[in-house]
Amino acid sequence: MTQRDRTTSSPDSPVDVIVVGAGFAGLALLRSFRDERGLTVTVIEAGDDIGGVWYWNRYPGARCDVDSTDYSYSFSPELDATWDWTERYAAQPEILSYIHRVAELYDLRRDITLGVRVTEAVYDEQADLWVVRGDDGSVVSGRYLVMATGCLSAVKRPDLPGVEDFTGTVLHTADWPKDKVDLVGKRVGVIGTGSSGIQVIPEIAPVVAELVVFQRTPTFSVPAHHYVLTDADRAAIRTELPARRERLRRSSTGLSVPANPRSALEVTDEERQAYYEEQWNSAGFGFLLAYSDLLIDQAANDTAADFIRGKIAERVDDPATAALLSPRTYPYGAKRPCVDTGFYETFNRPNVTLVDISASPLVKVTETSLHTTTSEYGLDVIVFATGFDAMTGSLLRPDIRGRGGQPLRQHWASGPLTYLGLASAGFPNMFVVAGPGSPSLLGNVMVSIEQHVEFLADLIMSSRAAKTPVIEAEPEAEAAWVAHVNRLAQGTLYLAAASYYLGAEVPGKPRVFMPYAGGLRRYRRECEEVAADGYRGFRRTSTAEGN
Ligand SMILES: Cc1cc2nc3c(=O)[nH]c(=O)nc-3n(C[C@H](O)[C@H](O)[C@H](O)COP(=O)(O)OP(=O)(O)OC[C@H]3O[C@@H](n4cnc5c(N)ncnc54)[C@H](O)[C@@H]3O)c2cc1C
């Protein structure tokens, strides 16, 4: 029997829940909905295996940038008791092994169909069912549709003329081949210096003959302080784990680094420099929490940005290269900040060159070269580290249609409209995990995912128990939430950067700040209040057939 035979429903035998995506979110939904709530669930995944981000992003150097201990499921003491991370930030193969272990422990694979991309999902108002089609022609139907399609999963490939003529190898970090790619002695060009570029560049520089890095916008990066965990580290983590998990659940960021409540401007220059130095030497991603106003006050932000630029100047030998690597056009943290291991120092290597493509843009690829407006670079391998159509890409690529056949693409034509980041008016019984309107990428995404899964499971079960299983965001609640999300962003420096939070990474995408900037703690509280108030803002009704 194939996996397909075991897992799919037909329009005549609907499942309770169709989940699209088998990354961390899809797997958490399956376990919770099926094993804790007794619902029938089928998961559809485009990849040939489970894992989401950690299945696709197999590039050298890929690893999480939040401590592995915090970037893992919190629901199972049994899982915690039998899993030990080997490094502070686990590499992609280890995270994928962890995901496989979870699937094995909870027997998840039997309800997952792999290798099928959902191309269409249509709400059938007569039957109050979602009818979902895959690119292999398969059709499944279910009462609820949960899009666990990932905030960073719709790969963005730059539209460079001539790529198809290139006789060398073309790679994308987010779709890296499963087989080992031999870069030894090759001339490699990497396009992009965001999170993925910053990880892949130092990793491959020592083995390639020549590395040309094409940078459009420099990134603020602070040292990851990555290390191998010792037995003593692991013992200490194990002892503090329950308390640590609870702290993360109640935190604003989902990070274990404590947030400093003080303003950067209320301390002396000496005190501030000393504190930045201390944080630089340990905090990693949490450097952004060094002072409470780094993301709301430009003058405060300037102190951190200046400090980081000073460090870049110290780490890079050539002053012109250091200047090019130093961001000056947006505040620190207004784009997702990066952590690195030796990124800046890589530019001190004789075989590495930095090319500023904001001054001389890329224009075309020929059989053997990449061309900017001013130069030609002969290459054997081109690596696109160009990221994703973030947050909405994976939700808008399939054709999703709600009441009256309205396309989600039309409803969201001017930017995503959600209530709590979880549901959209006119799309009954469709939910999104870690999507626009939720904290999502502004913190540890794992903590968001688990909160969403719990909230949705409770919402669905209570609605079914009340014999009102059709759940729909009210248009007024949606409008109020969108306004709320906008207001929260207005008070921050996030709006000062052309970031993927704002849709600026994709030409033509509406410029709307998408994530909820009030922090995880406040978001969780708002969700709890909605639930306590009878799921205020959701209209809950019986089905057209009266069930
Ligand atoms: C390289 C990298 C490193 C990251 N590191 C961190 C980190 O350290 N900390 C952090 O908080 N976040 C990190 N993130 C963000 C990451 O997106 C989340 O942490 C998390 O993995 C999201 O899980 P998910 O299940 O929601 O989505 P994903 O893991 O993206 O899974 C979504 C799945 O849906 C599938 N899918 C999408 N569309 C369809 C369709 N139409 N039909 C069928 N299947 C579909 C995809 O194939 C994919 O497998 C990182 C992201 C990347 C790319």
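Counting convention: from 1, in listed order, for ligands and their atoms alike.
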* Name the orientation class of the two ring planes belonging to Tyr501 and Phe513 (parallel below 30°, tilted from 30 to 60°, perpendicular beyond 60°). =>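 The rings of Tyr501 and Phe513 stand perpendicular, inter-plane angle above 60°.
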* Decide, yes or no, whether a salt bridge links Lys156 with Glu505 under the criterion of side-chain N to carboxylate O below 4.0 Å. =>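 No, no charged N to carboxylate O under 4.0 Å.
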* Asked: Less than 4.0 Å between a side-chain N and a carboxylate O, is that true for Arg238 and Asp80?
  -> no
* Asked: Are the aromatic ring centres of Tyr71 and Tyr89 under 6.0 angstrom apart?
  ->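 Judged by ring-centre distance (under 6.0 Å), Tyr71 and Tyr89 do not meet the cut-off.
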* Measuring from Ile382:CD1 to Thr169:OG1, what's the distance to the nearest 0.5 Å? -> 9.5 Å
* Asked: Do the side chains of Asp124 and Trp130 get nearer than 4.5 Å, heavy atoms only?
  ->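 Sidechains of Asp124 and Trp130: no contact.
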For ligand 1, run through the N/O pairs with the protein that fall under 3.5 Å and put one pair on each line.
| residue | atom | partner | partner atom | Å |
| --- | --- | --- | --- | --- |
| ligand 1 | 8 (O) | Asp65 | N | 2.7 |
| ligand 1 | 8 (O) | Asp65 | OD1 | 2.8 |
| ligand 1 | 8 (O) | Val66 | N | 3.4 |
| ligand 1 | 11 (O) | Val445 | N | 2.7 |
| ligand 1 | 19 (O) | Tyr71 | OH | 2.5 |
| ligand 1 | 21 (O) | Tyr71 | OH | 3.0 |
| ligand 1 | 25 (O) | Phe24 | N | 3.1 |
| ligand 1 | 25 (O) | Ala25 | N | 2.8 |
| ligand 1 | 29 (O) | Val53 | N | 2.8 |
| ligand 1 | 41 (N) | Val118 | O | 3.0 |
| ligand 1 | 42 (N) | Val118 | N | 2.8 |
| ligand 1 | 44 (N) | Ala46 | N | 3.0 |
| ligand 1 | 47 (O) | Glu45 | OE2 | 2.7 |
| ligand 1 | 47 (O) | Trp56 | NE1 | 3.0 |
| ligand 1 | 49 (O) | Glu45 | OE1 | 2.8 |
| ligand 1 | 49 (O) | Glu45 | OE2 | 2.9 |
| ligand 1 | 49 (O) | Trp56 | NE1 | 3.4 |

